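Below, chains carry the letters A, B, ... as their sequence lines are ordered, and counting in each starts from 1. Every value quoted in this text rests on a predicted model; they were computed, and no experiment measured them.
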Amino acid sequence: MAASALGWALRAARQVLPSPCTRQVRSYYVDWRMLRDVKRRKLAYEYADERLRINAIRKNAILPKELQEVADKEIADLPRDSCPVRIRNRCVLTSRPRGVKRRWRLSRIVFRHFADHAQMSGIQRAMW
Amino acid sequence: EKDESVASKDSTTEEASKRQEGTAETPKQKLLDIIGNMKVEVSYRKKLQQLKTREIKKQATDNLEGPDSEGTMLQRTTEQIQRGKPLNPELVEAASAVASSLPLNKKQTVSELLAQLRRHEETTDKQKKGGIVNIRNVISEMAVKRQSPAQRGVRISNRIFLDLDEDGQNIKPGRLSPQSFDSRRSLKVGRRLNIFTKASTETENALKTVSSPTIWDLEFAKEIAAITAQPPRNGFEEMIQWTKEGILWEFPVDNEAGMEDDAEFHEHIFLEKHLEDFPKQGPIRHFMELVICGLSKNPYLSVKQKIEHIEWFQKYFEEKKELLQGI
């Protein structure tokens, strides 16, 4: 049931996140761009091994060049969203593409908001 | 008489020597306890040793009757300890100096002193680690003498139970023992009344042959679980719930949680046996050997994943065989 809803998200960004917890769960992604980023991450995870192996054949001085050209074509044939370069580390709460701190996965504005309300553990205003 | 005076003199001189060594090392209170303990032990041991060496059997049997088991226990422990860790050289020198000052057989006294020191160190180590007191072991091995039934009350008080209460202290059950004693007697003694029939094993087997749970059973079980799962009353219960769900790790943190790699190290490193299907010569072999070298250094993959990696390459090269032969 949850899997089918996941597969075919025709409605507005609604994804039934398959989790057994009974608390309040966010059932929408923030915007479509975030959804696309999620898709790219999933595909990149699936094809990661294959890409690694084909690249190992390509970036080689030992194997014959014809083989490497064939490998080039093969990796180009893989779906475009499977390459990890297209992933953008967006803010988790606002989907902001810029100004995101990696450790907290939050944009600078959200981070500041939470830190000022003392909801970030171990974060304090700098003063020296 | 003469023996006892000599024994007491020896004990005092030994005490003095030990005191000199002790103050250099241990705090005062511990020292006083040790000296208090040592006084009794040393005099007993010395007495027994002397009696044995002079072969005065009558006196030996008379004197050994009381602390009989204790004495043998002490001797046994000293023998065991002599194989233990080496003593402080200063202590050894002090022991030899003391022995030389005494009138008796010097080698024997030195060995006895060293044995005593070793035993003392062992007991302090045990106490530091919080081990069981030696006295308990000694007492538990002591045999209880059989007395007449008229002296039953005395017998109960002599029996020392090893039940520990919260503090780890010995409970001497003055009040409880008569009751437990009576109940113990009444349980085992007497004819069988044949009131209860023995539980048959058939019912147990019948329970095991239940069919696999139906959907309705599963739903029922889920319903019960949902109803009985009360919201957490406090932060601790919340954390317990989170740990069960997998949101929170188990503490102390186990670095290998979820990683169940039962393979030995040699299965990770020596991967050449998977290379049998590849040609022996040529660039492909060279390439695969490099791949294997890289995999053997990878601590993050499991053995299965590494084998899959190699098999993928094998499949790939087989598909490209015609192409390769054209080259």
Side-chain angles (χ1 to χ4, degrees), chain A residues 1-4 16-27 41-79 82-84 92-93 103-106 114 118-122, chain B residues 218 221-223 225-232 237-248 278-279 281-295 297-298 300-302 304-327:
Chain A
M1 183 176 73
S4 58
V16 179
L17 305 170
S19 54
C21 64
T22 52
R23 285 172 226 102
Q24 266 191 336
V25 182
R26 182 175 294 110
S27 48
R41 282 168 193 265
K42 282 187 190 150
L43 271 187
Y45 181 79
E46 280 173 46
Y47 285 93
D49 291 338
E50 265 192 56
R51 287 193 94 94
L52 173 72
R53 288 157 190 169
I54 296 175
N55 268 327
I57 292 173
R58 285 172 66 217
K59 313 283 179 181
N60 229 328
I62 308 164
L63 295 174
K65 284 187 186 171
E66 292 83 0
L67 197 63
Q68 285 172 3
E69 283 166 25
V70 170
D72 282 342
K73 279 182 212 160
E74 277 200 6
I75 205 171
D77 287 337
L78 290 177
S82 64
C83 61
V92 164
L93 294 179
R103 186 173 167 183
W104 297 277
R105 303 179 186 174
L106 291 177
F114 282 135
Q119 285 161 5
M120 295 292 272
S121 173
Chain B
L218 291 169
K222 275 189 210 171
E223 224 183 284
I227 290 165
T228 53
Q230 297 294 326
E237 293 196 5
E238 198 185 29
M239 282 204 277
I240 292 169
Q241 211 176 343
W242 283 347
T243 311
K244 281 184 195 164
E245 285 177 24
I247 298 170
L248 199 59
F278 286 94
Q281 303 289 328
I284 294 181
R285 181 78 186 193
H286 188 29
F287 173 72
M288 287 314 294
E289 276 173 13
L290 286 175
V291 165
I292 274 172
C293 177
L295 280 178
K297 293 183 191 175
N298 190 336
Y300 302 107
L301 296 178
S302 67
K304 266 190 186 174
Q305 284 170 322
K306 291 183 186 177
I307 297 173
E308 275 172 21
H309 203 90
I310 296 171
E311 280 172 6
W312 185 92
F313 273 114
Q314 198 186 329
K315 239 185 358 179
Y316 183 83
F317 285 126
E318 276 192 22
E319 282 169 16
K320 311 292 167 188
K321 245 188 184 173
E322 312 91 32
L323 189 78
L324 291 171
Q325 278 153 12
I327 301 162

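- To the nearest 0.5 Å, atoms CE (B:M288) and CD1 (B:I310) are separated by 5.5 Å.
- Both the backbone and the side chain of A:I54 come within less than 4.5 Å of a heavy atom of chain B.
- Taking chain B as the reference chain and counting heavy-atom pairs below 4.5 Å, the highest number among A:E74, A:R53, A:E66 is found for A:R53.
- The distance from the CG atom of B:L324 to the CG atom of A:L63 is 8.5 Å, given to the nearest 0.5 Å.
- Summarising the geometry, atom CG belonging to B:L295 is positioned 11.0 Å from atom CG belonging to B:L290; distances are rounded to the nearest 0.5 Å.
- Only the side chain of A:N60 has a heavy atom closer than 4.5 Å to any heavy atom of chain B.
- Salt-bridge annotation for B:R285 and B:E289: present, with a side-chain N of the basic residue lying under 4.0 Å from a carboxylate O of the acidic one.
- Of the listed residues (A:L67, A:L52, A:V70, A:I57), the greatest number of heavy-atom pairs within a distance under 4.5 Å of chain B belongs to A:I57.
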